Amino acid sequence: VNRAILLIQQVGPPLGLWINTAKCELFSQGNMEGFPTDIKMFYEPNLEILGAPIGDVIFCAKFLAQKRAKAVSLLTQLSEVGSLDPQIALLLLRHCATFCKLIHLARSTPPSLVSEGLALFDEEVRHHFGDCVAIDASDSDWLQIQLSLRRGGLGLRRLALHCSAAYLASVNKA
C-alpha cells in the first residue's frame, strides 16, 4: 500500500491525480512505519469495513451472531404474517428474509469464520418456514424446498452450503 501511495504521489500529478493524504485512513494489524505522517493511522485487530468483519474468530462470531439475531427477529415477524397469509409470508421469506440477509457476510468473510453461524441461521429459517406455512417438513421435504423454483423447490437456499463458493467467487473477482 505504501509503495502504491508513493507511486501515485510521484507519477500522478502530471496526469492530474493527487492524493489528499489528510483525508486518508490506514487500518492495520501490523507495522505502519514509512507511511506519510499526515495519514490517520489506526491499529485495530478487529474491525468492520463495509459491513464485513475483519479480525479474529471470536470477533467474527460475535459480529455474525448480532446479524443473525436481527435476521431471526424478522423471521419471527414473518411467522405472524404466515398465520394470516402463508403465500405472502413465503414470498417475503424467499425474497427478503433468508439468503439475502447474510450473503454479504458469506461473500466477504472466510468460510472457516462464518460457516457454523450460517448453519445456525439455516436452521432458524427451517423452523420459521414451518411456522409461516403451517407445515412440518421432513428432512427429505426440506432438501426439495431448498431447490430452486426451476428444479421444483421453493428457492430457500442454504447459506452454509453456498458460503465457500460465494467467498471464493468474491475473492477471485477482486
Side-chain angles (χ1 to χ4, degrees), residues 1-2 4-5 19-35 39-82 89-133 137 139 142-143 145-148 153-174:
V1 174
N2 195 24
I5 291 172
I19 294 180
N20 185 350
T21 53
K23 290 185 175 181
C24 294
E25 295 179 345
L26 177 65
F27 293 88
S28 177
Q29 295 177 341
N31 187 0
M32 295 189 276
E33 292 178 14
F35 286 93
I39 292 180
K40 296 176 191 163
M41 297 184 197
F42 302 94
Y43 176 80
E44 294 288 331
N46 299 310
L47 56 113
E48 173 191 349
I49 295 180
L50 300 174
I54 298 174
D56 59 26
V57 176
I58 295 169
F59 175 76
C60 291
K62 286 180 181 177
F63 185 90
L64 177 57
Q66 290 172 345
K67 293 287 186 181
R68 196 175 72 237
K70 192 172 179 182
V72 168
S73 172
L74 177 60
L75 291 173
T76 302
Q77 293 172 6
L78 276 179
S79 295
E80 296 171 14
V81 172
L90 178 60
L91 286 170
L92 289 171
L93 188 66
R94 181 185 313 129
H95 296 293
C96 305
T98 56
F99 195 79
C100 61
K101 285 306 216 185
L102 297 175
I103 190 60
H104 176 66
L105 283 175
R107 289 181 179 144
S108 59
T109 310
S112 61
L113 300 176
V114 295
S115 60
E116 288 180 27
L118 295 177
L120 291 173
F121 180 70
D122 288 340
E123 288 301 316
E124 288 288 342
V125 169
R126 182 177 180 171
H127 170 74
H128 288 284
F129 166 79
D131 291 347
C132 286
V133 296
D139 289 343
W142 187 243
L143 287 173
I145 287 166
Q146 294 171 356
L147 296 175
S148 67
L154 294 178
L156 296 179
R157 296 179 287 177
R158 283 179 33 208
L159 277 161
L161 178 68
H162 293 283
C163 74
S164 294
Y167 181 73
L168 288 174
S170 177
V171 168
N172 190 35
K173 194 71 171 172

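Everything numeric in this text was worked out from a predicted model, so none of it was measured. Positions are given from 1, in the same order as the sequence printed here.
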Roughly how far, to the nearest 0.5 Å, is NE2 of H104 from OG1 of T109? 7.0 Å
For V72 and H128, what are the C-alpha separation, side-chain angles and deciding distance, and is it a side-chain contact (heavy atoms from CB on, under 4.5 Å)? CA-CA 9 Å; V72 168; H128 288 284; 4.2 Å; yes
pair F121-L64: side-chain heavy atoms closer than 4.5 Å: no
Qualifying residue for side-chain contact (heavy atoms from CB on, under 4.5 Å) with D122, from L159, L102, T98, L156: L159
Evaluation steps, side-chain contact (heavy atoms from CB on, under 4.5 Å), between V125 and W142: CA-CA 11 Å; V125 169; W142 187 243; 4.2 Å; yes
Step by step, work out the side-chain contact (heavy atoms from CB on, under 4.5 Å) result for F35 and V1. CA-CA 9 Å; F35 286 93; V1 174; 4.0 Å; yes
Reported CD1-to-CD1 distance for the pair I39 and I5, which is rounded to 0.5 angstrom: 4.0 Å
Spacing of CG belonging to L120 relative to CZ belonging to R68, to within rounding of 0.5 Å: 4.5 Å
Could you pull out the closest heavy-atom pair between L78 and A97, with the gap in Å? CD1-CB, 3.4 Å
Determine the sole option in S108, S115, S112, P110 for which the side-chain contact (heavy atoms from CB on, under 4.5 Å) test with Y167 is passed. P110
Hey, can you tell me if F27 and F42 have their rings parallel, tilted or perpendicular (30° and 60° cut-offs)? parallel
Under 3.5 Å, side chain of S73 to main-chain N/O of A69, donor-acceptor pair present? no
Please name the pair of heavy atoms, one in P111 and one in C163, separated by the smallest distance, quoted to 0.1 Å. CB-SG, 3.9 Å
When you look at CD of E48, are more than 12 heavy atoms from neighbouring residues, nucleotides or ligands closer to it than 6.0 Å? yes
With rounding to the nearest 0.5 angstrom, report the NZ to NZ distance, K23 to K40. 10.0 Å
Heavy-atom donor-acceptor pair, R94 side chain to L154 backbone, under 3.5 Å: yes
Identify the two heavy atoms, one from L74 and one from C96, that lie closest to each other, and give their separation to 0.1 Å. CD2-O, 3.8 Å
Is R126 salt-bridged to D139, going by a charged N under 4.0 Å from an acidic O? yes
Please check if the side chain of H162 supplies one atom and the backbone of I103 the other of a donor-acceptor pair under 3.5 Å. no
Please check if the side chain of N46 supplies one atom and the backbone of D56 the other of a donor-acceptor pair under 3.5 Å. yes
Nearest 0.5 Å please: distance from the CG atom of L90 over to the NE2 atom of H95. 8.0 Å
State the CG-CG distance between L75 and D131, to the nearest 0.5 angstrom. 10.0 Å
Can a donor-acceptor pair be found, under 3.5 Å and without considering hydrogens, that links the side chain of N2 to the backbone of G34? yes
Looking at every non-hydrogen atom in both residues, tell me the closest pair between A52 and L105 and how far apart they are. CA-CD2, 4.4 Å
Taking every heavy atom of P45 against every heavy atom of Y43, the minimum-distance pair comes out as CD-O, 4.1 Å
Counting heavy atoms not belonging to I58, are there more than 12 under 6.0 Å from its CD1? no
